[in-house]
Asker: 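Supplied in structure tokens, the structure appears directly below.
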There are 2 protein chains.
Amino acid sequence: MDQNSLPPIQTTARDDAVLKALVGFVRAEALQPGERLPTERILAERLKVSRNTVREALTRWEGLGLVERRQGSGTYLKAAVSHDMLHMPLTLAGGHDFTSLMQTLEIRRALEAEAAALCAERASQADIAEIACKLDIMEQAFHTRDGMSSEEDWEFHQAIYRVSGNPLFEQIIAAMHELFHRFWEHPLGVRDFGHASFPYHRTIYEYIAARDPQGARAEALKLIATVEDDLKRGAAKLKLSSQT
Amino acid sequence: MDQNSLPPIQTTARDDAVLKALVGFVRAEALQPGERLPTERILAERLKVSRNTVREALTRWEGLGLVERRQGSGTYLKAAVSHDMLHMPLTLAGGHDFTSLMQTLEIRRALEAEAAALCAERASQADIAEIACKLDIMEQAFHTRDGMSSEEDWEFHQAIYRVSGNPLFEQIIAAMHELFHRFWEHPLGVRDFGHASFPYHRTIYEYIAARDPQGARAEALKLIATVEDDLKRGAAKLKLSSQT
DNA sequence: GTGCAGAAATTGGTTGGACCATTGGACCAC
DNA sequence: GTGGTCCAATGGTCCAACCAATTTCTGCAC
């Protein structure tokens, strides 16, 4: 028998019902991200549920990044909500060790390549101009400070993700970016980390401007490859120093 | 001044502290996924916090899919936890429409191709044998039931992700897989959905067995392309019928 | 009127205790 | 064994307070 033909029934779902009602409220009031939504106490009274139940529901939304609570101030909407949202919470067991970094880089290689290809397919003239702008800023920062600036570098990549037309690229890679930030705070001994990746930013841009998806994809792969090499170099150095 | 040099102090973070303590407990007891963790009441007593605080913490973990609560039974671990987990909650607005599905497919295309390539690089003889086994099961199911079986198909792909040596592939795609399941429950009018993708499963396997990363990557791209075509066909059909 | 310190109200965070609904095992009659 | 009933354990909900951070109001000095 197909086990899907007899799914488990849903008897009660108080907090789910609260969230559903809340979605309706946000839509009815046309609340925008940044606006404040009603007090927990008011919600509890209006929905005829306990404040505890309201809090559990809001805790779920907070965990999903949909809402932000500020004690003494209120609860604020952080993103648009709708009744047919799809939640995809990922928790990546990852450490600061070499293996974890390498694994996230493999994911990033896959996504970066695809985003660059899609970007080359879909970029309008205005999009290309914006990417060129970010590239200029990055290159200038590189020359004045003589080294990769993670801030401007990140801006450049974000522009590519945005132009790709698929917000998931930016969302997923942004989450991994946080992991890298945590990592880069522990320098690892490689002083010019990311230095080798610099020239590929311009070549990626040129292939995008030329509307060449395959070329852009190849250059993105090369860029990540240089980062992987840096990482391997750092790991080798670390291994060596620990043996001393 | 670098704002990172002066991080905000942690005056109170009760539920975060609870989760941290819980991570320690899971590690100390070497709890495996599926095992039951202590009662809310016991946790509250041991940690010297209110049961409500424990509940908020567990609600967060439940939202992240780390834990499952069963009323009358207990709270069960669903995944491995560690102190340096990376949470990546993605919420995609409007999941049943064509655009959202297409976007998740673009992500899957990127990851599927990379996973297939890595798999071809790293597969041992035993790994190849296991993939062959999954492929046989899938093909048999296809012939007896005359259609794609999402269950066996999924097993096949999972085997590839596992052999790729990077657990992140399986985790990310598994999350998206759930979205597709929800979608497939609303058939969309295309009866033989996924039918065209069938032959590519074997070709992917053959390239993996031949240790040809580029070939495996190309076949994976073709496979996803057929699914994208099915999706476009379904969307066109739907559009047509809504115009009538 | 202006500016500012302090009081007061607002709001999320926490606590403790109570009761309900579901689960799963123990026990029993058949 | 099958099917019931009972019962203890456990998560789900509720209530009524109080705490802590924030915002707003108030009143005084100038």
Side-chain angles (χ1 to χ4, degrees), chain A residues 3 6-22 25-26 29 31 33-79 81, chain B residues 6-22 25-26 29 31-79 81:
Chain A
Q3 58 187 0
L6 199 54
I9 65 173
Q10 205 61 292
T11 162
T12 52
R14 278 289 232 270
D15 38 4
D16 266 339
V18 169
L19 289 184
K20 227 167 115 184
L22 216 40
F25 175 82
V26 171
E29 301 284 320
L31 284 189
E35 291 193 68
R36 213 186 73 171
L37 42 86
T39 304
E40 294 179 352
R41 290 173 174 85
I42 292 181
L43 286 175
E45 184 191 358
R46 290 276 207 285
L47 299 173
K48 292 293 176 195
V49 295
S50 161
R51 192 179 149 216
N52 254 330
T53 306
V54 171
R55 280 187 60 77
E56 283 219 9
L58 287 179
T59 299
R60 293 240 287 273
W61 267 17
E62 190 185 26
L64 289 166
L66 295 178
V67 108
E68 178 184 355
R69 293 151 124 177
R70 287 206 285 271
Q71 184 175 169
S73 178
T75 304
Y76 298 83
L77 205 58
K78 268 180 71 179
V81 299
Chain B
L6 196 57
I9 63 172
Q10 279 304 16
T11 163
T12 52
R14 282 291 232 263
D15 38 5
D16 267 341
V18 168
L19 288 184
K20 226 167 118 186
L22 217 41
F25 176 82
V26 170
E29 300 284 319
L31 285 188
Q32 298 301 313
E35 291 193 67
R36 211 186 76 172
L37 42 86
T39 304
E40 293 179 353
R41 289 173 174 86
I42 293 182
L43 286 176
E45 183 191 356
R46 291 275 208 285
L47 299 173
K48 293 292 176 194
V49 295
S50 161
R51 189 180 151 215
N52 258 331
T53 305
V54 172
R55 281 187 61 76
E56 285 222 6
L58 287 178
T59 299
R60 292 241 284 276
W61 267 17
E62 190 184 26
L64 289 168
L66 294 178
V67 109
E68 179 183 355
R69 290 150 125 176
R70 287 206 286 271
Q71 183 175 172
S73 177
T75 305
Y76 298 83
L77 205 58
K78 269 181 73 179
V81 299

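Any value given below was found using the heavy atoms of this structure, including those in side chains, with hydrogens, waters and symmetry copies removed. A, B, ... follow the sequence lines: proteins, then strands. Residue 1 opens every chain.
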Asker: Can you tell me how far C1' of C:dG12 sits from CH2 of A:W61, to the nearest Å?
Answerer: 17 Å
Asker: Are B:E62 and B:T75 side-chain neighbours, meaning at least one heavy-atom pair lies under 4.5 Å?
Answerer: no
Asker: Of all the nucleotides listed (D:dC14, D:dG11, C:dG12), which has the minimum atom distance to the side chain of A:T75?
Answerer: C:dG12
Asker: With heavy-atom distances below 4.5 Å as the criterion, would you say the side chains of B:R55 and B:R69 are in contact?
Answerer: yes
Asker: Which nucleotide, D:dT10, D:dC14, C:dG12, lies nearest any side-chain atom of A:V49?
Answerer: D:dC14
Asker: Counting side-chain heavy atoms from CB outward, which of D:dG11, C:dT11, D:dT13 is closest to A:D15?
Answerer: D:dT13
Asker: When you measure from the side chain of A:R55, which nucleotide among C:dT15, C:dG12, D:dG11 comes out closest?
Answerer: C:dG12
Asker: Please state how far atom CD in A:E68 lies from atom P in D:dT22, giving the value in whole angstrom units.
Answerer: 12 Å
Asker: Here's a test of your reading of the structure: between B:G72 and A:S50, which maps to the more 5' nucleotide of DNA chain D?
Answerer: B:G72
Asker: Just checking B:R51: base, sugar-phosphate only, or nothing, at a heavy-atom cut-off of under 4.0 Å?
Answerer: base
Asker: The side chain of A:Q71 lies closest to which of these nucleotides: D:dT13, C:dT14, C:dG12?
Answerer: C:dG12
Asker: Using atom CZ of B:R69 as one end and atom P of C:dA21 as the other, report the distance to the nearest whole Å.
Answerer: 19 Å
Asker: May I have the distance from B:L19 (atom CG) to C:dG13 (atom P), rounded to whole angstrom?
Answerer: 15 Å
Asker: Nearest whole angstrom, please: distance from the P of C:dG12 to the CG of A:N52.
Answerer: 14 Å
Asker: Which whole-number value in Å describes the distance from B:L47 CG to C:dG16 P?
Answerer: 13 Å
Asker: Grab the CG-P distance between A:L58 and C:dG12 for me, whole Å please.
Answerer: 8 Å
Asker: Does B:T39 make a side-chain N or O approach to OP1 or OP2 of D:dT10 shorter than 4.0 Å?
Answerer: yes
Asker: Measure the shortest side-chain to side-chain distance between A:L77 and A:V67 over non-hydrogen atoms and say whether it is less than 4.5 angstrom.
Answerer: yes
Asker: Should A:R41 be listed as having a side-chain N or O under 4.0 Å from OP1 or OP2 of C:dT11?
Answerer: no
Asker: Side-chain N or O of B:S73 versus OP1/OP2 of D:dT10: is the shortest distance under 4.0 Å?
Answerer: no
Asker: Around B:E35, counting heavy atoms of other residues, nucleotides and ligands shown, do more than 12 lie under 6.0 Å from its CD?
Answerer: yes
Asker: Find out whether A:V81 and A:W61 are in side-chain contact, i.e. whether some heavy atom of one side chain is under 4.5 Å from a heavy atom of the other.
Answerer: yes
Asker: For A:L43 and C:dG13, give me the distance from atom CG to atom P, rounded to whole Å.
Answerer: 13 Å
